[in-house]
Each structure stands twice: as structure tokens, then as C-alpha cells.
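Okay, structure first, notes after.
One-based numbering, in listed order, for ligands and for the atoms of each. As the structure is a computational prediction, the values presented were derived from the model and not from experiment. Along the sequence shown, residues carry numbers from 1.
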Amino acid sequence: MLTTKIQHPSHPLHQLKLERSLVPYICDGCKELGFETCYQCQICNFHLHKECAIPSSSFYHRFFKGCEFKFYEESPRLGVRVCDGCWRDVRGFVYQCSHKKAYDLQPPCAKLPKTLAGEGVKLELKENIKSKCLKCQSRSNSNKGPKGWSYVSSCGKYCFHVACVKEMFYEAWEMGYFDQQKSDLDANTSGLAVALQRTVPSTLSSSTEIVQQSGGKAKHYWNMVASVLRLILFAIFGDPITAFTTLIVALIQSLATN
Ligand SMILES: [Zn+2]
Ligand SMILES: [Zn+2]
Ligand SMILES: [Zn+2]
Ligand SMILES: [Zn+2]
Ligand SMILES: [Zn+2]
């Protein structure tokens, strides 16, 4: 059971409350995007992932044999550090092992589940993949360089780098994708949000058409891709979120036309 109110050293002014966030936020701990329930101070617009607010002081991860990871508010090592899970730059809270060639994990990545199951598909988190990632069309051990972990279906057909799913989510966020829901509420419609309100529905209907018009086999394929994306997004960003439903359709559209 999570405590609903905490005092956190990184925000000494006010208590942080465990609350839902209706739009994505940047975690003030690890500086990565988050969504849904987190520890926040609404007065200061301060947010922490659950994993960043209450980290483990130390732990072992099954992918790094013999590495004891310790939590740091910033990397004790100088220079650019990269999260070995999602391959994004470490810019804040991090777990790091003490070896000379140290590994880094952002707190939310450290907690990514080993397996995800639902909607007739089972996914496993892997360090190396034999299948191609459906977003970037590469394998993590290709000459493009490693990309961190991937979720792969048990049949091997459906595979995404965690890095690639995060990237798709960041792109949608930067395009103001989530602003349209907010702008409906506060009527503070920026030009971008207005533009998206016009473009997104047509994008959605045309991608639904892709799924509907395609034959049974292709339809099954895209439905599976949607299920896989949904499971991975839930694993990265938290609780099932209705906002993902339309986002996933838009992502499918971009994958289908690539
Ligand atoms: Zn965080
Ligand atoms: Zn505050
Ligand atoms: Zn190590
Ligand atoms: Zn990461
Ligand atoms: Zn990829």
C-alpha cells in the first residue's frame, strides 16, 4: 500500500500528494515523462514518479549479474550517462552500480515488468532481440548500435524497443497531442492544439479504415500491434489510460504508412 502523502528532500517546502495527473508531466526527479498517478505538489507544479519518490536504496537486476545498483539523486560519475534500459540520457535520479564500467537505470526503467500479458498476447522484456523492432526496423545488436531493452511477443513476431515506444510517446507529447484534451477543459486553445483538433480526427478515421478495410490477416496483425503497444505503454507510463486509445490508433497509422 502506497502512502498518499510524503515529505520529500527534493521538495522540502510542501508535502507531496499521491494524485492522478490528467496530462503527461515531466518528473522533477529523473526528468523523464510520466503519466497518471504520481507524487505531486500542485502549488509548485512539482511531480515525482512513484518509483522516483520512494526508491529502493539498493537492488540487483536480473540483466546485470553481480551488479548492486544504488540510488543517486544525480550520477556520481561525470560525463554523459545513458539509461541501459531505454537508452535515453540520464538527467536526474538514477540507479548506478559500483563497477568501473558502471550501468545506469532510471528508476521507472528499473521497475519495468519482466513479462506483460493480456489481450491474447504475452510479452517478455529482453536485452537482445532476434526480431526486428516494428518502429525502427532494427535489432538491438545491429550496426546502428544498441538501443537498450525490448519487449518481444512469445511468437517473436511483435517486438518494440522500450526506447522506440518512449520516443513515439515523446513525439506525440511534443506535438501537443495531449493538449487537446486539456484545451477542451480550460478553453485555452493554442494554435497547435487547434490544428491538432482538426488533424487528429481525420488521422484517426483513416487509420481505423486501414484496420477495417484490410483483409482478415492484416486486420489481425494490426490489432495485435495495438495490443502490444497498449501493454508496453501501460508498463512504461502506469495505469491503463483512456487517452492511450486514440494515441495508439495514431501510432498504428504512422507505422502502417511507413
Ligand atoms: Zn522520475
Ligand atoms: Zn510545493
Ligand atoms: Zn556493475
Ligand atoms: Zn530508462
Ligand atoms: Zn526500435
Side-chain angles (χ1 to χ4, degrees), residues 4-19 21 25-29 38-48 52-53 56 58-72 75-77 81-88 90 94-106 109-110 112 123-153 156-172 225 228-229 231-233 235-236 251-252 254-255 258:
T4 53
K5 273 186 189 169
I6 57 163
Q7 194 72 46
H8 197 274
S10 67
H11 194 73
L13 239 49
H14 307 109
Q15 278 196 323
L16 303 179
K17 264 195 234 166
L18 188 65
E19 279 171 332
S21 175
Y25 58 87
I26 295 279
C27 170
D28 287 280
C38 65
Y39 285 96
Q40 51 185 302
C41 169
Q42 292 201 341
I43 306 163
C44 307
N45 196 25
F46 182 94
H47 300 82
L48 286 179
C52 289
S56 323
S58 98
F59 75 97
Y60 290 86
H61 195 281
R62 63 192 177 280
F63 287 161
F64 306 93
K65 295 264 146 41
C67 291
E68 185 186 11
F69 284 91
K70 290 216 161 106
F71 177 78
Y72 300 96
S75 167
R77 290 172 171 81
R81 309 289 310 173
V82 170
C83 172
D84 287 281
C86 71
W87 222 249
R88 289 177 57 84
V90 170
V94 66
Y95 289 108
Q96 214 171 72
C97 78
S98 57
H99 288 117
K100 199 170 166 207
K101 186 188 172 291
Y103 292 109
D104 299 69
L105 289 175
Q106 292 161 327
C109 292
L112 281 175
L123 305 173
E124 198 182 334
L125 189 64
K126 300 224 179 197
E127 295 176 87
N128 292 301
I129 47 173
K130 292 190 192 84
S131 329
K132 274 185 187 171
C133 166
L134 294 177
K135 171 74 167 79
C136 68
Q137 303 296 324
S138 83
R139 301 170 175 91
S140 25
N141 52 355
S142 75
N143 51 14
K144 281 186 184 163
K147 269 207 173 175
W149 303 335
S150 309
Y151 275 109
V152 190
S153 65
K157 208 164 151 189
Y158 307 96
C159 172
F160 282 103
H161 288 118
V162 171
C164 288
V165 176
K166 267 193 158 185
E167 195 186 301
M168 289 191 274
F169 190 86
Y170 272 84
E171 277 167 9
V225 174
V228 167
L229 276 173
L231 286 173
I232 301 175
L233 283 168
I236 297 175
L251 296 180
I252 295 276
S254 74
L255 290 170
N258 268 348

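Distances from the Zn ion (ligand 2) to the N/O/S atoms of H14 are shortest for ND1.
K70 is not listed as a side-chain neighbour of S98, based on a closest heavy-atom distance of 4.5 Å or more. Side-chain contact check for I236 versus F169: every heavy-atom pair is 4.5 Å or farther apart. Side-chain contact between L231 and Y151: absent, with no pair of heavy atoms (C-beta onward) separated by less than 4.5 Å.
Rounding to the nearest 10°, we obtain 110° for the angle at the Zn ion (ligand 2) between C44 SG and C41 SG. Around the Zn ion (ligand 3), the two atoms SG of C97 and ND1 of H99 are separated by an angle of 120°, to 10 degrees. Seen from the Zn ion (ligand 5), atom SG of C133 and atom SG of C164 lie 120° apart in angle, a value rounded to 10°. With the Zn ion (ligand 5) at the apex, H161 ND1 and C136 SG define an angle of roughly 100° (rounded to 10 degrees).
In the displayed structure, F63 atom CZ is contacted under 6.0 Å by more than 12 heavy atoms of other residues, nucleotides or ligands.
For an aromatic pair to be called close, the ring centres must be under 6.0 Å apart, and F64 with F69 satisfies this.
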